[in-house]
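Data block below; observations after.
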Protein chains: 2
Amino acid sequence: MPVRSDARRNHQVLLDAAREAFAEHGTDASLRDVARRAGVGIGTLYRHFPAREALLEALLRDDFDRLAERAAALADGDPREALLTWLRELAVGQRTIRGLPESVMEALRDEESQLHASCQAMRDAGGRLLARAQKEGAVRGDLTANELLALVAGLVWASEYAPDSGARLDRLLRVAMEGVGNGHE
Amino acid sequence: MPVRSDARRNHQVLLDAAREAFAEHGTDASLRDVARRAGVGIGTLYRHFPAREALLEALLRDDFDRLAERAAALADGDPREALLTWLRELAVGQRTIRGLPESVMEALRDEESQLHASCQAMRDAGGRLLARAQKEGAVRGDLTANELLALVAGLVWASEYAPDSGARLDRLLRVAMEGVGNGHE
DNA sequence: ACCTGAACACCGTTCAAGT
DNA sequence: ACCTGAACACCGTTCAAGT
């Protein structure tokens, strides 16, 4: 984090501009355009974020942290409903950052990275919601938080290809919940 | 399709080079690099494929057509096994072309496009395998081919983020088959 | 301590000139 | 009928010059 107040301001303005640009043009939006939106020179962008990867990671970390807080806030109330509500919010967040480049996926897997730590914290928070739902008997007991998050993320991604992505997502979530098999195999 | 033999050769060489480059550097590999690999001028690439989109669509159509043929070839044998085998091959194909740009996804949704037609033919072929498995009672009856393909594609995508993507995929497929819920909710 | 913009190498895409 | 490569506008990234 920068210490001078103008720098701190630029840092935030750049993040906001980047979120906008990535939402509009996908994950490889022009960084020059981001700097233009933020009203700073291209050099300033690079001083704060030495590569596109750094920008994406910063945004992703914000998302993870926000979702972790939301999970904590949902820790009361009906276990099953709390989990479903949180997964829905996860789905919305997932939608904003599509097509992460390989470099970010690597950082996500790197156990030393701050990104991994934020992701881990979110998974832990979500895991507590999962555990409650499992204890109540609403969800099969052998499912890990990792697997559940991957499952939901995958279905969100797949839904985007459908004409009516919202309806498709609801349907796929239901199928995944009940199972593809018909139970008496 | 070009008529002169040198042009027809270039067409194929360009497709091969593109498949290589996209596999290595993702869907936004350098087109200049593709032309270099193919050993032709950059202008020739543009004469055959007026935009990156055209290149991606041509490759995708090949994949769809190949998978449709495979489905037809699997139409004998045990219904459940045939469907699972085919879905596994679908998963492998899915892996090769990751991060399709929005333009291609639009073409995929456009019912007039050749890409849509190829995709439709593949879905129909897969749908026949699905129908057999449903008739046998191995798969719930209300699932459409569209939904099944979306589900599998999503799980493949999600598996890529795991350290051991093969194991993760197997696990997610199993969970989706049996259901996330524990059956007595 | 931080900001700026020119500079370099590269890319996507077009098109006049060739055979 | 097809191929080529120079040309243009743009981009990612670096860095010397500024305050």
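First the proteins, then the strands, lettered A, B, ... as listed; each starts at 1. The figures that follow rest on heavy atoms only: side chains count, while hydrogens, waters and symmetry mates do not.
A distance of 10.5 Å separates CZ in B/Arg19 from CG in B/Leu55, rounded to the nearest 0.5 Å. Put simply, OG on B/Ser103 and CG on B/Leu56 are 7.5 Å apart, with the number rounded to the nearest 0.5 Å.
Electrostatic pairing of B/Asp142 and A/Arg171 counts as a salt bridge here, judged by a charged N lying under 4.0 Å from a carboxylate O. In summary, A/Arg80 and A/Glu136 do not engage in a salt bridge, as defined by a charged side-chain N under 4.0 Å from a carboxylate O. A salt bridge links B/Glu24 with B/Arg37: at least one charged nitrogen is closer than 4.0 Å to a carboxylate oxygen. Ion pairing between A/Arg140 and B/Glu178 holds under the 4.0 Å rule for side-chain N and carboxylate O. A salt bridge is absent between B/Arg9 and B/Asp6: the closest approach of a Lys/Arg side-chain nitrogen to an acidic carboxylate oxygen does not fall below 4.0 angstrom.
Take the nearest nucleotide of DNA chain C for A/Gly43 and for B/Ala29: the residue whose nucleotide is more 5' is A/Gly43. Toward the 5' end of DNA chain D, the nearer of the two residues B/Arg4 and B/Gly41, judged by each one's closest nucleotide, is B/Arg4.
Among the protein residues, A/Thr44 comes within range of the nucleic acid bases, having at least one heavy atom under 4.0 Å from a base atom. Heavy atoms of B/His48 sit under 4.0 angstrom from primed sugar atoms or phosphate atoms, though from no base atom.
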Reading 5' to 3' and counting Watson-Crick or G-U wobble pairs with both distances under 3.5 Å, write the dot-bracket notation for DNA chain C, | for bases paired outside the strand. ||.|||||...|||||.||
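Between A/His11 and A/Phe49, the ring-plane angle classifies as tilted under the 30° and 60° cut-offs.
With a cutoff of under 4.0 Å to any heavy atom of chain B, the contacted region of DNA chain D is bounded 5' to 3' by D/dA1 to D/dA7.
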